[in-house]
Amino acid sequence: MAFDIDMIKKVYAQVAERVDAAREVTGKPLTLAEKILYSHLWDSKSKKAFTRGKDYVDFAPDRIACQDATAQMALLQFMQAGKKKVAVPTTVHCDHLIQAKVGADKDLQSAMNTSSEVFNFLESVSDKYGIGFWKPGAGIIHQVVLENYAFPGGMMIGTDSHTVNAGGLGMVAIGVGGADAVDVMAGMPWELKFPKLIGVKLTGKLSGWTAPKDVILKVAEILTVKGGTDAIVEYFGPGATSMSCTGKGTICNMGAEIGATTSTFGYDESMERYLRATERAEVADAANKVKEHLTADPEVYANPEQYFDQVIEINLSELGPLLNGPFTPDLSTEVGTSMTEKAKANDWPLQVEWGLIGSCTNSSYEDLSRASSIAQQALDKGLKMKSELGINPGSEQVRYTAERDGILGIFEKLDAKIFTNACGPCIGQWARYSDPKNAPKNSIVHSFNRNFAKRADGNPNTHAFVASPELTAAIAVSGRLDFNPLTDKLINEEGQEVMFDEPTGWELPPKGFEVEDAGYLAPVEDGSGVQVNVSPTSERLQLLTPFEPIGDEIKGAKLLIKAFGKCTTDHISMAGPWLRYRGHLDNISNNCLIGAVNAFGKKTNFVKNQLDGEFGGVPDTARAYKAAGVPTIVVGDHNYGEGSSREHAAMEPRHLGVVAVIVKSFARIHETNLKKQGMLGLTFANEADYDKIQEDDTINFLDLNAFTPGKTLNIEFVHADGSKDVIEVNHTYNDSQIEWFKEGSALNLIKKQNA
């Protein structure tokens, strides 16, 4: 069925007029990204051309999606906004709180037993405020969105960084923190810095062992983990139109790993096929009537250098299968000899212990069918699995259809574990070890999107490599990281040399999709009588207390931690076992920055308390400063806060008394999250000043009372020997964001305006 069809038709009814107005004010042909952005302005038709990477613009997204881990805090905030119902279509998806351990049925029941309080809370809040609710086991948020809600030319935001997956169906879909979602739920505009534009021209055609996954692995190699920051990546060319819709989704999904605001493709026949296959013919028919507005103007793709800030060209016919990792998604290696040489030089374990297929990135019917073609060959050719294999279907619809068609049965014949339709190992929800911190050095290969240290299983010694589902399957059979299925032979159980044939699969199920219970619960028509109960003694949920404004007199502050090197939101607020506390700000704050490496001593969760000279964990030290009324700051390196959109990474430091985060550079979502929570997110005017900050510094803000857009701030660092350094810092706050700071948070301002 087509959800919210009237809303979609309204978007299409006004797209021509708004695109024409945008062409007029810009005086040029438009990219697809620009068409979607300009047609979703809060003030309707555009009256001016916006400067990319500079102008802050108010938008009106069409819909919102939240996953259960982030929905808790988002909905706890929305409950304070004073609204009776969400202003735009919104959904909640229960996919993060299910741990992969034994197998689908038992793991799901275990999650229902341990997290029933949270699931009941989310369901009741959804009912009360008119939010669609997808039950545990229904599927991974981004696959469910692609199957049910995404539509060409639309704009959505989601409280998960991989919301960008919906770009595979021609949307501008952007990951945000929960406070951003609350703005839109409350009927207010959503603010975004107008993105820069990166064009990726795809020529040739994928064939053989090369998959859509390899396209984004190559782009990650080219742009690195921060090369897409503040930009929308738009894919085009004959190679783009030749790919499936779900393949496009995979590419857009991992755009989060290059820091991109989002990624997207123009509407084409593969998208139409997918819409019709997922019972949304009405959406396809409506899109076809305005399809010239659902892709870039022809002049743009003919001369892309004139219209994009950067253009990359990739010939798919020359692209080979890749493995990216370990510990970062942009370290790319070709299969075979290159991997052998690199692994030996870096002492990466060549034996692969696990292959994992699924997650929101690669859990479509097409992905499972292509991987199963390799699994079937292993059975037919008498090969025995050398690694363990795990499968996470993307949705109940995909799982049910794949089981009906025998795909899951093929994996099961190889003793693969079929996990729940949920995130599982991709987000650290994997009960692989009883003691992850002391687990052995090993390698795994997966088709997920992230491979930071400890990400999948909590083991800092696990070397995780990202690959396509079909390559993951082949490597799992071989048990070797350096296995090249294009050239290498394997010895079967009869002692014969055999080789894999190229993988095959289906773009869409030949017999159509089928499902008995997709797992969706519609909200009641009138939720005014629904009671939402949160126990004051709960360890999982806690009603929020508004943050007090920090004020413009920050004196005598202390350094909480100076983070060294990569510091992602996983380092700032770990997932895994901590997911259980995502709805309880005080409890989850006990993981605040425990994964960050302290520049002084190079240890994690070990910082100096200047009040007594003792060393301890970051959260405990922060609580000691807060109890003493001493404000603290955090200092960081480049791309601070990359990775997940989790706003807990901003709310926890705020809750523990951190007033400012000063870094060399920010990841986009995290910088916004800090602003939303009424904190100072600042960058060094001179990056070398990072080195001047010492462990025993006392910090004074000299001119915060003159906090205005575009004006740098000066901060005095008084060292233990009495010497001083005055450091200049930049910021990107505009007038409205400075108001958030003055009010204590963006939510405080919303409440004030709705009072």
Side-chain angles (χ1 to χ4, degrees), residues 168 200-222 233 235-254 263 265-266 268-274 277 301 312-324 332-339 355 357 361-378 380-381 407 410 445 447 465-478 482-490 498-510:
V200 179
K201 182 178 182 179
L202 302 178
T203 61
K205 190 174 182 179
L206 294 172
S207 62
W209 283 91
T210 310
K213 185 75 161 198
D214 297 302
V215 177
I216 186 57
L217 296 181
K218 186 66 177 178
V219 171
E221 176 191 2
I222 295 168
V233 182
Y235 292 85
F236 63 95
T241 55
S242 69
M243 269 189 283
S244 69
C245 178
T246 52
K248 293 177 173 72
T250 291
I251 292 170
C252 292
N253 184 300
M254 269 196 74
S263 304
F265 287 77
D268 61 17
E269 291 178 0
S270 72
M271 295 184 192
E272 180 180 355
R273 289 193 297 271
Y274 189 74
Y301 292 161
I312 297 166
E313 185 168 336
I314 298 173
N315 185 341
L316 302 184
S317 301
E318 298 174 356
L319 185 66
L322 299 170
L323 282 158
N324 280 29
S332 190
T333 307
E334 294 181 0
V335 297
T337 305
S338 296
M339 177 55 79
I357 295 168
T361 330
N362 278 111
S363 55
S364 68
Y365 185 90
E366 180 181 36
D367 292 326
L368 296 185
S369 71
R370 285 180 64 83
S372 73
S373 77
I374 301 303
Q376 183 64 59
Q377 287 187 57
D380 294 342
K381 296 174 188 284
I407 289 173
I410 295 169
V445 175
S447 68
F465 296 83
V466 184
S468 68
E470 46 267 58
L471 183 59
T472 298
I475 287 177
V477 173
S478 74
D482 57 351
F483 176 67
N484 183 353
L486 285 78
T487 59
D488 294 352
K489 296 177 180 178
L490 296 171
V498 296
M499 284 185 68
F500 282 118
D501 301 319
E502 292 178 352
T504 59
W506 294 274
E507 175 186 353
L508 296 163

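Quick note: residue numbers are just sequence positions, from 1.
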One should read off an interatomic distance between Lys489 NZ and Ser478 OG, to the nearest 0.5 angstrom, of 16.0 Å
Sorted by chain and number, sequence neighbours left out, ring-ring contact (aromatic ring centres under 6.0 Å, His included) with Phe465 holds for Trp348
Checklist entry - Do the non-hydrogen side-chain atoms of Asp488 and Asp482 ever get within less than 4.5 Å of each other? => result no
Practice prompt. I would like to know whether Val477 and Gln377 meet side-chain contact (heavy atoms from CB on, under 4.5 Å); could you show each step before the answer?
Written response: CA-CA 10 Å; Val477 173; Gln377 287 187 57; over 6 Å; no
Q | Donor-acceptor contact present, side-chain Asn253 to main-chain Gly249, <3.5 Å | A | no
Closest non-hydrogen contact found for Pro503 with Ile374 is CB-CD1, 3.8 Å
Would you say Leu508 and Tyr274 make side-chain contact, with heavy atoms under 4.5 Å?
yes
For Ala473 and Ala371, the nearest pair of non-hydrogen atoms, with its separation, is CB-O, 3.9 Å
- Item | Phe500 vs Leu490 side-chain heavy atoms within contact, under 4.5 Å | yes
Review point. Does Ser372 reach the main-chain N or O of Ile407 with its side chain, forming a donor-acceptor pair under 3.5 Å?
Key: no
Q | Student check: side-chain heavy atoms of Ile216 and Thr361 closer than 4.5 Å | A | no
The reported gap from CD1 in Ile312 to CG in Leu202 (rounded to nearest 0.5 angstrom) is 10.0 Å
Sorted by chain and residue number, the side chain to side chain contact (heavy atoms under 4.5 Å, CB included) partners of Glu507 (sequence neighbours excluded) come out as Ser244, Ser270, Arg273, Glu366
So do Val215 and Val200 actually touch side chain to side chain, heavy atoms under 4.5 Å? no
Closest heavy-atom pair, Cys245 versus Gly168, reported as atoms and distance to 0.1 Å, is SG-O, 3.4 Å
Taking every heavy atom of Val445 against every heavy atom of Ala467, the minimum-distance pair comes out as CG1-CB, 4.0 Å
* Glu334 and Asn484: side-chain contact (heavy atoms from CB on, under 4.5 Å), yes or no, with the steps? -> CA-CA 9 Å; Glu334 294 181 0; Asn484 183 353; over 6 Å; no
Between Pro469 and Ile357 the two heavy atoms that sit nearest each other are O-CD1, 3.6 Å
dist Ile314:CD1 -> Lys201:NZ (nearest 0.5 Å) comes out at 12.5 Å
In short, salt bridge (charged side-chain N to carboxylate O under 4.0 Å, His left out) pairs touching residues 241-252 with sequence neighbours left out are Lys248-Asp268
Hits for salt bridge (charged side-chain N to carboxylate O under 4.0 Å, His left out) against Asp501, two or more places apart or cross-chain, chain-then-number order -> Lys381
Output for pair (Leu217 CG, Ile222 CD1), nearest 0.5 Å, gives 11.0 Å
Is it the case that the side chain of Ser317 and the backbone of Gly204 share a donor-acceptor pair, with hydrogens and angles ignored and the cut-off at 3.5 Å? no
Taken to the nearest 0.5 Å, the spacing of Thr333 OG1 from Met339 CE works out to 4.0 Å
* **Heavy-atom side-chain contact between Val219 and Ser263 under 4.5 Å** => no
Taken in chain and number order and not counting sequence neighbours, the residues that satisfy side chain to side chain contact (heavy atoms under 4.5 Å, CB included) with Ala220 are Ile258, Asn324, Asp330
Between Ser468 and Ser447, the two heavy atoms sitting closest are C-CB, 4.2 Å
CZ of Phe265 to CE of Met271, rounded to nearest 0.5 Å, is 7.5 Å
Side chain to side chain donor-acceptor pair (under 3.5 Å) pairs touching residues 203-217, sequence neighbours excluded, are Lys213-Asn362
Is there a side-chain contact between Leu471 and Pro485 (heavy atoms, below 4.5 Å)? yes
